[in-house]
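See below for the structure under consideration.
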Amino acid sequence: MASRTQHRRSMKSPTFLFLYFLSIIVATGTPSTAAPTGDSSVTFELYDNGASSGGVNVTLSRSQFKTGPEGDEPGLAFAIDMSRLVNVSKHMAKTPVVATRAYREDGELITSFEQLGAADGMEEAQPPRRVYLVADGLEFVWPFVELGHMQTVSTSVIPLATGEGGEPVVLESMSERPRVFRVHNFHTAEEAEQLIEAALSATGDNALKRSTVGSGKDKDGNDIAHTEVGRTSDNAWDHSSPAAQVSVTRSFQLTRMVEDTGKRDGLQIVRYKPGQGYNIHPDYFTPKDDVDFDFHPYSGGSNRFATVFLYLNDVEEGGFTIFPQAKGVVPRQDPPPGALDMFEPNTWQHRVTKQCYTQLAVPPKQGTAALFYSITPDGQIDHSSHHAACPVTKGLKWGANMWIWNRQRYGEIRTGEKRSLIIRNDADETVYVSWEGRDQAVLHPRGSTFMNTFEFHRFKAHFGSHKGETIGEYTVQTDPQKQEWNIKPPRIHSLRTEEERDTTCIADGTCAVNS
């Protein structure tokens, strides 16, 4: 037996779910609330991706935990099964939206019944486990829960940092919109010192020099990056030090994404001297940056999804990371004596320094990091994620930037050895194939095409037009020499099939899913 009790704060279900439940009420009446005899059960709270409210209580028996056929992605069947109990979000997607992954509150991907129970050594989970459903094509976003909420990350997700005094990583909730966390125990003092040493000893293009803004190259092959009055720090790039490799891996682990060099910018080590900072800016890209590129994750596009900023030293004064559009959640205070006198009135440095003590600010402390998202849980660009680096007013500030993309990053077109590719359309309607935002082919139902291509090239399949809904994507692999891509119709899983359990509800909102 599996049952759910809707929280009072939950959002209303869609009309189709209401009519579905209503028909079951008439047919079956009051539900049973007991698990099958001899079958153990667990109770947990089920939520949409990144949600702090709108959850339901679910009681599930071991025999009802869906595992799917052999060869299925781990946890896929469970996520699909749970999709009919909450409203899974994906901007502009047709409803009902189906989840393909489910994560526990500590970041573990749910692949087994045992993960829904209490932690080792505890008879019951107190409070109950929380589970979050992620729609197909989107990424997991840590839930805010409430201001100051402290969430320990599973050590199976992020292993303990090496070195003396290793502690589990802990997320401290600072803002729901924009989604901002202070990350404790993210790196060791030794790792921080190694990153600083690597930056100071870097040479050539990676050497410490005036920071720039912009990324990639223009259509003529010229670098877009340039210096700007609003960014006055210095930075180096670290592509190879052991500490950099650990930091990159840990950043991907924190965002629950598979590590992929094509889904990140380089690790940037930044240094701020007294008076230096970075004016308010976003990390995401918009269509203004390239009208031919899809920057919207909800439609299959790619953008900077999350930023992990490591604080490598304790700053004597200033150097906070602020989010001016976050709701006021910190006590207002005056800047330290003399801080504003360092800057001319009406300059961005003067304005941002005042905001550092009146707006949401993450303090720079060695061993911690700031995690914030440029993309909302339903796949939209979060325009409230603008932020700034407060000018340092005493001492030095060292930090490290890691920008992680939800898909292959913009401007990163890798070309390897020659390969051949056959593309087949198994869908029942015309499919439009694009390569890096450029029109490539049109395939009618059951049609196919052959093309010569190269390793690492990326293709997308769309319905409607080359700019329409993305239904699939393919990256050319190293092996085999001759490759095939069968474009399948979108994964549509019925939320009510003959094999699924019936659901019954009564007037007080209690629902049971019966075996």
Going by distance alone, is a donor N or O of one side chain under 3.5 Å from an acceptor N or O of the other, for [X] and [Y]?
X	Y	result
Glu317	Thr393	yes
Trp405	Asp260	no
Asn206	His239	yes
Tyr474	Gln483	yes
Glu228	Thr212	no
Ser211	Asn235	yes
Tyr410	Asp289	no
Gln115	Thr111	yes
Ser52	Glu176	yes
Asn401	Gln268	yes

Are [X] and [Y] close enough that their ring centers fall under 6.0 Å?
X	Y	value
His91	Tyr298	yes
Phe305	Tyr284	no
Tyr47	Tyr132	yes
His281	His386	no
Phe463	Tyr432	no

Could you tell me whether [X] and [Y] have a side-chain N and a carboxylate O separated by less than 4.0 Å?
X	Y	value
Arg101	Glu139	yes
Glu191	Arg250	yes
Arg129	Glu105	yes
Arg419	Glu455	yes
Asp382	Arg177	yes
Asp136	Lys90	no
Glu473	Arg407	yes

Any non-hydrogen side-chain atom of [X] less than 4.5 Å from a side-chain atom of [Y]?
X	Y	answer
Arg264	Arg409	no
Asn406	Lys263	no
Gln355	Ile280	yes
Thr353	Phe343	yes
Val362	Tyr311	yes
His462	Ser434	yes
Tyr278	Val352	no
Ser251	Phe186	yes

Minimum-distance pair of heavy atoms, taken over all atoms of Val86 and Asp48: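 Taking Val86 first and Asp48 second, the nearest heavy atoms are CG2-N, 4.4 Å.
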Inter-residue atom distance [X].[atom1] - [Y].[atom2], 0.5 Å rounding:
X	Y	atom1	atom2	answer
Asn303	Ile375	CG	CD1	4.5 Å
Thr232	Asn279	OG1	CG	9.5 Å
Lys365	Phe320	NZ	CZ	12.5 Å
Leu76	Ile110	CG	CD1	14.0 Å

Do side-chain atoms of [X] reach the backbone of [Y] as a donor and acceptor pair under 3.5 angstrom?
X	Y	result
Asp314	Gln366	yes
Arg179	Gly50	yes
His184	Ala369	no

Single hit among Leu200, Val315, Val270, Leu195 for side-chain contact (heavy atoms from CB on, under 4.5 Å) with Trp398: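 One option only clears the test, and that one is Leu200.
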Parallel, tilted or perpendicular: ring planes of His457 versus Phe454, cut at 30 and 60 degrees: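 His457 vs Phe454 ring planes: tilted.
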Test ring-ring contact (aromatic ring centres under 6.0 Å, His included) applied to Phe372 and Trp403, Phe323, Phe181, the passing residue: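 Considering Trp403, Phe323, Phe181, a ring-ring contact (aromatic ring centres under 6.0 Å, His included) with Phe372 is found only for Phe323.
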His350 and Leu340: CA distance, side-chain angles, deciding distance, side chain to side chain contact (heavy atoms under 4.5 Å, CB included) verdict: CA-CA 6 Å; His350 191 278; Leu340 292 178; 3.9 Å; yes
From CA spacing to verdict: side-chain hydrogen bond (donor to acceptor under 3.5 Å, both in side chains), Ser299, Asp294: CA-CA 8 Å; Ser299 61; Asp294 182 4; 2.9 Å; yes
Candidate pair Asp234 and Arg271, rule salt bridge (charged side-chain N to carboxylate O under 4.0 Å, His left out), full reasoning: CA-CA 5 Å; Asp234 300 304; Arg271 180 186 65 188; 3.2 Å; yes
